[in-house]
Amino acid sequence: MYLPVVLKNTPRFFLLFIISIIIFAGLHIPQEVKAQEWRPVRGGILYGISGMALVEQKNNSLDFLIVHDNKKKDEERLAIIQLQGKQSLKYSPVKWQNNAELPIDLEALTPVPGKKSFIAVTSAGNAYEIKLIASNNILVLQKFDLPKIPQGSNFEAFSLQNIDNKLVAVWAHRGEGKQPAIIYWGILDLDKAKITQVNSANLTVPFPSGNVRHISDLKVDETGVIFISAASDDGNDGPFKSAVYVAGYVGFRNNKLALQQNSQLVPLYRSNAHKIEALELVPGAGGGVILGTDDENLGSYVYVMGEA
């Protein structure tokens, strides 16, 4: 169930409250039941999912492009996963363009609204606009860097959305422990590969705690509502903990792009078994908030929030 698109015309003063209440009610299911619905993707540390984006939605299947945060030349960067029904899952590697430099540590992926392309972003803030072509290959359309990157930044989230006929970008430095995440927003001119009207705010989550990445991924829906994941781990074998929140919404006030942050974060979902590092929003009866994990040595899993 995915409701923010349905609520597109709802006054934003009420939007976050309505969404939080409905999703919380719909997802109040015992954790023991939820744990059974996580679907394994691939085993091993090289196959963690650090970002995901919807490619195609069919009657009984969902296709996603995913990114792996690998760094060496002979390691996979991309793959397509196909969810069929509630159990079946297919994994197909996707080759990076042969004559293009390989990205190092891909951490985020978003579709480009209105185009058949995606933007993948590394932890260092290198952005690649890519396009899927025949035989599970990609074409690199352009490369650019995120603006005004502070020293020590470690980006794990990047999302695009068309809001009031402007291409709005929202991205985040993950933060760690007592260091907050930094959420950024601005307007992207894709033809010029330039983000303007950039602003930022700090963000911390109430759960998980300890070695937490306060933002491990984010996506923005058509109303401007920002969904985030947060995750923690105590090493490559876990234990892992994660949560999903509505962080606020982004929109225009007097022609200026602004963020309205949610001051009291409500966990919409918790996991005490997985490290969520990817999420995607899929509208319609067969959609939902789709989660992907990077469970290090334990590989990767996907889950449709609230799936019965």
Side-chain angles (χ1 to χ4, degrees), residues 1-27 51-55 57 62 64 108-115 118-119 157-172 181 183-190 195-201 203 205 215-230 243-269 276 278-291 304-306:
M1 176 176 63
Y2 176 62
L3 294 170
V5 172
V6 177
L7 298 174
K8 186 174 182 180
N9 296 321
T10 303
R12 287 182 173 174
F13 180 80
F14 301 103
L15 191 59
L16 294 180
F17 175 77
I18 294 171
I19 291 170
S20 297
I21 293 297
I22 294 175
I23 294 178
F24 179 80
L27 299 177
M52 66 192 306
L54 180 67
V55 175
Q57 185 176 12
L62 296 170
F64 298 94
L109 183 69
T110 184
V112 179
K115 292 185 66 177
F118 306 85
I119 291 181
F158 184 87
S159 182
L160 293 175
Q161 190 56 260
N162 190 358
I163 299 175
D164 292 345
N165 296 315
K166 301 265 178 65
L167 189 56
V168 172
V170 181
W171 66 102
I183 187 168
Y184 297 86
W185 61 96
I187 300 173
L188 173 61
D189 185 329
L190 196 55
I195 302 177
T196 58
Q197 296 192 34
V198 177
N199 214 326
S200 65
L203 184 146
V205 297
I215 297 179
S216 59
D217 200 13
L218 66 80
K219 282 295 191 299
V220 183
D221 80 355
E222 290 185 357
T223 67
V225 174
I226 303 169
F227 290 75
I228 66 167
S229 58
V244 176
Y245 300 90
V246 169
Y249 70 84
V250 64
F252 289 91
R253 298 177 187 167
N254 301 319
N255 295 318
K256 183 179 180 182
L257 187 64
L259 172 73
Q260 178 63 54
Q261 197 166 338
N262 191 349
S263 61
Q264 293 188 342
L265 293 175
V266 177
L268 305 180
Y269 174 76
I276 299 167
L279 63 86
E280 178 61 303
L281 308 176
V282 179
V289 181
I290 318 297
L291 308 178
V304 181
M305 278 176 57

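We're numbering straight along the sequence, starting at 1.
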Output, in order, the C-alpha distance, side-chain angles, deciding distance and verdict of side-chain contact (heavy atoms from CB on, under 4.5 Å) for Phe64 and Ile290. CA-CA 10 Å; Phe64 298 94; Ile290 318 297; 3.7 Å; yes

So, using side-chain hydrogen bond (donor to acceptor under 3.5 Å, both in side chains) as the criterion, who are the partners of Lys166 when residues are at least two apart? none

Can you tell me how far apart [atom1] ([X]) and [atom2] ([Y]) are? Round to the nearest 0.5 Å.
{"X": "Leu265", "Y": "Leu203", "atom1": "CG", "atom2": "CG", "answer": "5.5 Å"}
{"X": "Ile195", "Y": "Ile187", "atom1": "CD1", "atom2": "CD1", "answer": "10.5 Å"}
{"X": "Asp189", "Y": "Leu167", "atom1": "CG", "atom2": "CG", "answer": "9.0 Å"}
{"X": "Ile276", "Y": "Ile228", "atom1": "CD1", "atom2": "CD1", "answer": "11.5 Å"}

Mind listing the closest non-hydrogen atom pair of [X] and [Y] along with its distance?
{"X": "Pro111", "Y": "Phe118", "answer": "CA-CD2, 3.7 Å"}
{"X": "Ile163", "Y": "Gly224", "answer": "CD1-CA, 3.7 Å"}
{"X": "Ala230", "Y": "Val205", "answer": "CB-CG2, 3.7 Å"}
{"X": "Ser159", "Y": "Thr110", "answer": "CA-OG1, 3.7 Å"}
{"X": "Asp164", "Y": "Phe252", "answer": "OD2-CD1, 3.6 Å"}
{"X": "Leu291", "Y": "Met305", "answer": "CD1-CG, 3.6 Å"}

Does Val266 form a side-chain contact (heavy atoms from CB on, under 4.5 Å) with Val246? I'd like the steps, not just the answer. CA-CA 7 Å; Val266 177; Val246 169; over 6 Å; no

Quick check: does any side chain N or O of [X] sit under 3.5 Å from a backbone N or O of [Y], one acting as donor and the other as acceptor?
{"X": "Gln57", "Y": "Leu62", "answer": "no"}
{"X": "Gln161", "Y": "Val168", "answer": "no"}
{"X": "Asp221", "Y": "Thr223", "answer": "yes"}
{"X": "Ser216", "Y": "Ser229", "answer": "yes"}
{"X": "Asp217", "Y": "Leu279", "answer": "yes"}
{"X": "Lys219", "Y": "Glu280", "answer": "no"}

Kindly determine whether Val250 and Val225 satisfy side-chain contact (heavy atoms from CB on, under 4.5 Å), including the steps that lead there. CA-CA 7 Å; Val250 64; Val225 174; over 6 Å; no

What is the ring orientation for Tyr184 with Trp171, classed by angle as parallel under 30°, tilted 30 to 60°, or perpendicular over 60°? parallel

What verdict does the side-chain contact (heavy atoms from CB on, under 4.5 Å) test give for Leu109 and Ile119, after you've listed the backbone C-alpha separation in whole Å, the side-chain angles of each residue and the deciding distance to 0.1 Å? CA-CA 6 Å; Leu109 183 69; Ile119 291 181; over 6 Å; no

With the side chain counted from C-beta on, respond yes when Ile183 and Ile215 share a heavy-atom pair under 4.5 Å apart, and no when they do not.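 Contact flag for Ile183/Ile215 side chains = yes.
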
